[in-house]
Each structure stands twice: as structure tokens, then as C-alpha cells.
Amino acid sequence: MLATVLVNDAVTRETITRKQKRTFFDFIKNDKHYCRYYDGMYILFKTGMRILEFTRLTIKDVDMENQTINIDYQLQKTGTLVYIDITKTYVGKRIIPMSDDVYECFKRILERRNPPKVEPMIDGYNGFLWFDKDEKPMVAMHWEK
């Protein structure tokens, strides 16, 4: 009965066109400043990870042998407090398979990882993949800017 009352105005939406995605990645890859974010942005696009899940990744979460990424928590920041929190939803806990191109991105990230003199520990987690200028793990805000 509702089908006679409600109009189905659903259309297929593409959040970003292939041309826009290519332009975006070409810019990041070739820009002197943003090129350091290329692999991370590529991983975010190709895996569908949330930025809070991505920034929480540690070396232990990236299984290069089995080409999987373990997502079980996220890195949050409220004011000056940085902490580990549960995923947004129950189904947020998952193991994501890596495609070959995502594997290559993680390989470069791990090779270039420049750990601080003292590995930061947040709620029992260490080995984060990205650090800010103060040698603290990068949070979503760093990537969003």
C-alpha cells in the first residue's frame, strides 16, 4: 500500500567521479607537501576505513603476511585527551583484506615509518603508523586538515 503513496525518487549516486578521484590522487602524489599523505589517502579510499579507525592502526594491526588489516578500535581526541575507543558500531570490528595496491601502500608506510625516540603508549597500544611534529600519534584532525 505504501508504494502507491510514497514516490520512489531513489537514484544511483556516485560520491566522487573517477575523473575527480584521479585528479585528487594526481594532486596529492605530485604536491611537495601533501605527497607524504598519498599512501594513507589511497588506503582510506580503497578500504572504506573510517579516519578514526585508520589513525588507530598499529604495526600489529597490519598483517603483511596474510594481507589483512585488523579493525577493532578507533583513536579519539577530545580536547587534549587522546584515547582508544570502541568502533562506531558492533559490525565495525572486522578484518579487511588488502588488495595488492593497498599492500604496496602499507609496505611503503612501514618502510618509511620514523618512530619517535620513545614510542607513545595510549591505553596500552603502541606502534602507531603516523606521528605529528611533537612525536605523538596523528589523530583524525591531522588528516582532515
Side-chain angles (χ1 to χ4, degrees), residues 6-145:
L6 297 176
V7 177
N8 182 0
D9 61 352
V11 294
T12 303
R13 295 182 185 165
E14 193 172 343
T15 57
I16 186 170
T17 66
R18 288 181 182 178
K19 183 180 180 203
Q20 289 169 326
K21 185 168 67 170
R22 206 171 22 253
T23 302
F24 176 73
F25 281 118
D26 286 345
F27 170 77
I28 292 175
K29 193 175 200 174
N30 297 311
D31 185 81
K32 286 188 287 186
H33 175 74
Y34 294 108
C35 64
R36 66 180 133 191
Y37 300 106
Y38 177 83
D39 289 323
M41 291 292 184
Y42 192 88
I43 291 167
L44 286 165
F45 263 82
K46 291 295 185 170
T47 63
M49 264 188 278
R50 295 178 180 95
I51 189 66
L52 297 172
E53 297 166 341
F54 176 73
T55 56
R56 203 298 271 151
L57 288 178
T58 64
I59 295 170
K60 293 177 186 173
D61 295 311
V62 181
D63 184 344
M64 298 299 280
E65 186 176 324
N66 295 308
Q67 291 191 334
T68 58
I69 308 160
N70 181 47
I71 305 293
D72 56 359
Y73 293 95
Q74 54 189 9
L75 187 63
Q76 293 275 12
K77 182 175 182 179
T78 305
T80 58
L81 179 65
V82 178
Y83 59 97
I84 301 293
D85 199 5
I86 59 174
T87 55
K88 187 175 176 182
T89 63
Y90 172 74
V91 294
K93 283 188 172 189
R94 61 205 185 279
I95 295 176
I96 301 173
M98 283 187 220
S99 59
D100 291 339
D101 48 349
V102 168
Y103 173 87
E104 290 301 320
C105 288
F106 272 116
K107 186 176 172 185
R108 284 190 296 273
I109 289 168
L110 292 170
E111 287 169 355
R112 295 176 187 157
R113 183 178 182 269
N114 188 15
K117 294 172 188 151
V118 177
E119 281 278 353
M121 176 88 61
I122 299 175
D123 295 336
Y125 291 87
N126 65 358
F128 295 95
L129 300 181
W130 302 92
F131 302 99
D132 65 14
K133 63 181 176 10
D134 298 323
E135 297 189 331
K136 295 179 181 173
M138 280 189 175
V139 294
M141 177 187 67
H142 291 102
W143 290 85
E144 290 166 353
K145 282 189 174 186

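Excluded from the calculations below are hydrogen atoms, water molecules and symmetry mates; all remaining heavy atoms, backbone and side chain alike, are included.
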- Query: Checking side chain to side chain contact (heavy atoms under 4.5 Å, CB included) for the pair Leu129/Leu110: CA distance, chi angles, key distance, verdict?
  - Reply: CA-CA 7 Å; Leu129 300 181; Leu110 292 170; 3.7 Å; yes
- Could you grab the distance from atom CH2 of Trp143 to atom CE of Met138, nearest 0.5 Å is fine? 6.5 Å
- side-chain contact (heavy atoms from CB on, under 4.5 Å) against Leu52, all qualifying residues, sequence neighbours excluded: Gln74, Gln76, Ala140
- Message: Counting C-beta onward and ignoring hydrogens, is there a side-chain heavy-atom pair between Gln20 and Phe24 closer than 4.5 Å?
- Response: no
- Query: So do Met98 and Ile43 actually touch side chain to side chain, heavy atoms under 4.5 Å?
  - Reply: no
- Query: Quick check: does any side chain N or O of Asp132 sit under 3.5 Å from a backbone N or O of Asp134, one acting as donor and the other as acceptor?
  - Reply: yes
- Point-to-point distance, once rounded to the nearest 0.5 Å, from CG of Asp72 to CZ of Arg94: 10.5 Å
- Item | Nearest atoms (heavy-atom pairs only) where Ile84 meets Ile122 | CG1-O, 3.6 Å
- Message: I'd like to know if the side chain of Asp39 and the backbone of Ile109 have a donor-acceptor N/O pair within less than 3.5 Å.
- Response: no
- Query: Is the side chain of Thr78 donor-acceptor paired with the backbone N or O of Leu81 at a distance under 3.5 Å, no angle test?
  - Reply: no
- Message: Classify the ring geometry of Tyr34 against Phe27: parallel below 30°, tilted from 30° to 60°, perpendicular beyond 60°.
- Response: tilted
- Item | Partner set under side-chain hydrogen bond (donor to acceptor under 3.5 Å, both in side chains) for Thr68, not counting sequence neighbours | none
- Message: Checking Asp63 now: which residues fulfil salt bridge (Lys or Arg N to Asp or Glu O under 4.0 Å) with it, not counting sequence neighbours?
- Response: none
- Note on the structure: The side-chain contact (heavy atoms from CB on, under 4.5 Å) partners of Phe25 (sequence neighbours excluded) come to Lys21, Tyr38, Met41, Tyr42, Phe45
- Could you tell me the separation between the CD1 atom of Ile51 and the CZ atom of Arg56, rounded to the nearest 0.5 Å? 14.0 Å
- Message: To the nearest 0.5 Å, what is the distance between NZ on Lys77 and NZ on Lys136?
- Response: 7.5 Å
- Query: Under the side-chain contact (heavy atoms from CB on, under 4.5 Å) test, which residues partner Lys60, sequence neighbours left out?
  - Reply: Thr58
- Task: Just jot down the side-chain contact (heavy atoms from CB on, under 4.5 Å) partners of Asn30, sequence neighbours excluded, or say none.
- Result: Asp26
- Non-hydrogen atoms of Asn126 and Pro120 that approach each other most closely: CB-O, 3.3 Å
- Quick one: CG on Leu44 to CD on Glu53, what's the gap to the nearest 0.5 Å? 9.5 Å
- Does any non-hydrogen side-chain atom of Thr55 lie less than 4.5 Å from one of Phe128? no
- Item | CD1-CD1 distance between Ile71 and Ile95, expressed to the nearest 0.5 angstrom | 10.0 Å
- Task: Would you check if Tyr125 and Asp61 make a side-chain contact, meaning some heavy-atom pair closer than 4.5 Å?
- Result: no
- Task: Considering only NZ, NE, NH1 and NH2 on the basic side and carboxylate oxygens on the acidic side, decide whether Glu119 and Arg113 come within less than 4.0 Å.
- Result: yes
- Any side-chain heavy atom of Val118 sitting closer than 4.5 Å to one from Glu135? no
- Message: Within the structure provided, determine whether Ile69 and Met49 are in side-chain contact (heavy-atom separation under 4.5 Å).
- Response: yes
